[in-house]
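These numbers come from the heavy atoms of this one structure, side chains and all, not from hydrogens, waters or symmetry mates.
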Amino acid sequence: QVQLVESGGGLVQAGGSLRLSCAASGSISRINAMGWYRQAPGKQRELVATVTSPGSTNYADSVKGRFTISRDNAKNTVYLQMNSLKPEDTAVYYCNAEIASRWFDAYRDHWGQGTQVTVSS
């Protein structure tokens with residue numbers, strides 16, 4: 001059993017900052033990519049940012065230069081530092097991780113429960 005637990009969401013004014021955290025726990029042998037996705041009301045879930053195990057990052061164009069993703073492999077944790085927040089960043093943010101529970105397992109996608117980020121204008 002693998003769990004992803006997110007924290008750090010909340011309400012912030014436009015221009016403000018928030019830091020999201022997501023810790024993976026349970027039966028974990030290896031973690032490949034970790035990332036953040038978001039879903040606004042009435043819209044599809046979209047990629048925000050991903051980071052590989054060695055540390056290569058990828059960002060959605062809409063957050064480049066404002067958001068920074070990072071990870072602590074020793075803690076099985078991924079972070080999302082969000083600066084210069086805009087009302088259009090309002091969404092439920094979901095953590096994702098590709099995890100192999102045993103050394104011989106293939107990677108499987110796991111998702112957190114989501115954390116609400118609301119940016120007021």
_Stepwise side chain to side chain contact (heavy atoms under 4.5 Å, CB included) test for Arg108 and His110_ = CA-CA 6 Å; Arg108 289 180 57 195; His110 294 270; 4.0 Å; yes
Grab the two heavy atoms, one from [X] and one from [Y], that are nearest each other, plus how far apart they are.
X: Ser121; Y: Ala14; result: CA-CB, 4.3 Å
X: Leu20; Y: Gly9; result: CD2-N, 3.5 Å
X: Ala40; Y: Ala91; result: N-CB, 3.8 Å
X: Val117; Y: Met82; result: CG2-CE, 3.9 Å
X: Ala97; Y: Ile31; result: CB-CG2, 4.4 Å
X: Ser17; Y: Asn83; result: OG-OD1, 2.9 Å

*Below 4.0 angstrom, N of the basic side chain to O of the carboxylate: do Asp89 and Lys86 qualify?*
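Salt bridge flag = no for Lys86 with Asp89.
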Is it possible for you to say whether [X] and [Y] belong to one hydrophobic cluster, with membership spreading through side-chain heavy-atom contacts below 4.5 Å?
X: Tyr59; Y: Val78; result: yes
X: Val2; Y: Tyr37; result: no
X: Ile28; Y: Leu4; result: yes
X: Trp111; Y: Val48; result: no
X: Val51; Y: Tyr79; result: no

*asked:* I'd like to know if the side chain of Glu6 reaches the main chain of Gln113, judged simply by a donor and an acceptor atom lying under 3.5 Å from each other, with no hydrogens or angles considered.
replied: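 Yes, because the side chain of Glu6 sits within donor-acceptor range (under 3.5 Å) of the backbone of Gln113.
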*Checking Thr90 side chain against Val119 main chain: does a donor-acceptor pair fall under 3.5 Å?*
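Yes: the side chain of Thr90 pairs with the backbone of Val119.
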How many angstroms lie between [atom1] in [X] and [atom2] in [Y], if you round to the nearest 0.5 Å?
X: Leu18; Y: Leu80; atom1: CG; atom2: CG; answer: 9.5 Å
X: Arg71; Y: Thr57; atom1: CZ; atom2: OG1; answer: 12.0 Å
X: Cys22; Y: Met34; atom1: SG; atom2: CE; answer: 5.5 Å
X: Thr77; Y: Asp72; atom1: OG1; atom2: CG; answer: 6.0 Å
X: Asn76; Y: Ile99; atom1: CG; atom2: CD1; answer: 7.5 Å
X: Gln13; Y: Ser120; atom1: CD; atom2: OG; answer: 5.0 Å

*asked:* Can you confirm whether more than 12 heavy atoms, excluding those of Gln3, are under 6.0 Å from its CD atom?
replied: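 Count not over threshold, so no.
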_For Ser101 and Ser29: C-alpha separation, side-chain torsions, deciding distance, then whether side chain to side chain contact (heavy atoms under 4.5 Å, CB included) applies._
CA-CA 5 Å; Ser101 292; Ser29 175; 5.9 Å; no
_Within the 3.5 Å criterion, strictly below it, is a donor on Thr118 or Gln116 matched to an acceptor on the partner's side chain?_
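Note: Thr118 and Gln116 side chains meet the donor-acceptor criterion.
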*asked:* Do Arg30 and Asn32 pair up side chain to side chain, a donor and an acceptor below 3.5 Å, judged on atom types alone?
replied: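 No, no side-chain donor-acceptor contact under 3.5 Å.
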_Using a 6.0 Å distance limit plus a 45 degree cone around the ring axis, check whether Arg38 lies over the aromatic ring of Tyr94._
no
*Ring centres of Phe67 and Trp36 under 6.0 Å apart?*
no
